[in-house]
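One structure, pasted below without further comment.
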Amino acid sequence: MTTTPSPGHAPAGELDGAGRALLASVAEIAAIPPAAGERYAFAQALVLDQGRAWTPAPLPADLEPYRGAPGFCYENAAALVDAVPGLVYVEGYACPLPGTNWAIPHAWVGRLADGAALDPTWPTVGTAYYGVPLTASYLRDAPRALGAQALLVEMLPRSVRAGGLPPGAVATGKSV
């Protein structure tokens with residue numbers, strides 16, 4: 001059974017109201033038990049188990065040329081990570097606007113050093129981000145559902161649903 005991380009779980013620090021609302025939205029679906037032989041029923045359970053809070057931050061001016069088209073968050077985040085060293089691809093859930101408490105499947109770029117969520121897709125910074133930082137090797141080699149750009153949040157691959165992420169998939173301060 002997956003448990004909801006405590007607000008201090010991530011270096012990003014204490015979750016504010018938007019972050020708590022995001023986690024509550026994700027936790028509703030994550031609470032559905034998996035089928036026999038599976039570790040996770042849905043991506044929400046995986047993200048709560050393996051993810052962390054990220055601090056919303058504006059995209060720095062020097063990264064603005066990498067801002068991509070709305071609706072292509074997975075591609076935009078992957079392209080920015082490929083182009084700029086020291087950043088990590090993150091996939092999870094985010095709230096786009098103040099006053100919303102629903103979680104949207106989304107990808108962004110993270111800075112592991114300070115837990116900043118840098119969003120190369122949305123024109124304004126979202127209010128809350130919670131997701132799994134993935135290593136470059138996992139991003140490159142991960143199984144994808146047919147036609148999907150997302151690795152985790154749109155259709156959880158069968159291998160991940162059954163056994164979780166493989167060793168070395170989650171980026172830490174030592175592995176980007």
Side-chain angles (χ1 to χ4, degrees), residues 2-32 40-81 83-84 86-134 139 148-156 165 170-173 176:
T2 302
T3 58
T4 302
S6 65
H9 173 74
E14 196 69 28
L15 292 175
D16 62 9
R20 287 189 301 274
L22 172 68
L23 278 182
S25 175
V26 172
E28 286 182 36
I29 294 174
I32 298 170
Y40 302 108
F42 297 100
Q44 288 86 344
L46 170 76
V47 170
L48 282 181
D49 186 39
Q50 299 288 308
R52 56 173 277 180
W54 296 83
T55 303
L59 193 63
D62 63 327
L63 299 182
E64 275 297 331
Y66 297 99
R67 186 176 296 282
F72 295 91
C73 63
Y74 309 108
E75 297 92 334
N76 297 340
L80 179 51
V81 166
V84 179
L87 299 176
V88 65
Y89 176 90
V90 184
E91 202 168 294
Y93 298 91
C95 289
L97 302 168
T100 60
N101 63 355
W102 31 270
I104 294 177
H106 195 49
W108 59 93
V109 173
R111 281 192 315 238
L112 290 172
D114 64 359
L118 308 174
D119 196 327
T121 303
W122 289 345
T124 58
V125 179
T127 59
Y129 293 82
Y130 200 94
V132 181
L134 299 169
L139 179 59
Q149 292 300 313
L151 300 174
L152 306 174
V153 297
E154 289 187 0
M155 184 177 284
L156 198 59
L165 290 168
V170 178
T172 65
V176 178

What distance separates Y129 OH from Y93 OH, expressed to the nearest 0.5 Å?
15.5 Å
Describe, in one word, how the ring planes of W122 and H106 are oriented to each other, choosing from parallel (under 30°), tilted (30 to 60°) and perpendicular (over 60°).
parallel
Step-by-step side-chain contact (heavy atoms from CB on, under 4.5 Å) determination, L165 to L152:
CA-CA 10 Å; L165 290 168; L152 306 174; 3.9 Å; yes
Taking every non-hydrogen atom, the tightest pair across W54 and A117
CB-CB, 3.7 Å
Nearest 0.5 Å, please: how far is CG in L118 from OG1 in T55?
10.5 Å
Heavy-atom closest pair (V88 atom, A171 atom, distance to 0.1 Å) is CG2-CB, 3.5 Å
Could you tell me whether the side chain of N76 and the main chain of Y66 form a donor-acceptor pair under 3.5 Å?
no
Is there a side-chain contact between Y74 and P105 (heavy atoms, below 4.5 Å)?
yes
For A116 against A57, the heavy-atom pair lying closest together:
CB-CB, 4.1 Å
Can you spot which of D49, I29, I32, L156 makes a side chain to side chain contact (heavy atoms under 4.5 Å, CB included) with Q44?
I29
Closest non-hydrogen atom pair, Y89 against A107:
OH-CB, 3.7 Å
Grab the two heavy atoms, one from A103 and one from S25, that are nearest each other, plus how far apart they are.
N-OG, 3.3 Å
So, E91 side chain and L151 main chain: donor-acceptor pair closer than 3.5 Å or not?
yes
Would you sort out whether L63 and L80 count as a side-chain contact (heavy atoms from CB on, under 4.5 Å), showing the intermediate values?
CA-CA 8 Å; L63 299 182; L80 179 51; 4.1 Å; yes
pair V84-V109: side-chain heavy atoms closer than 4.5 Å:
no
Residue pair R67, T121: steps toward the side-chain contact (heavy atoms from CB on, under 4.5 Å) verdict:
CA-CA 6 Å; R67 186 176 296 282; T121 303; over 6 Å; no
Side-chain contact, heavy-atom cut-off 4.5 Å: V125 with D119?
no
Taking every non-hydrogen atom, the tightest pair across V90 and G131
CG1-C, 3.7 Å
Below 4.5 Å, heavy atoms only, C-beta onward: do P133 and V170 meet side chain to side chain?
yes
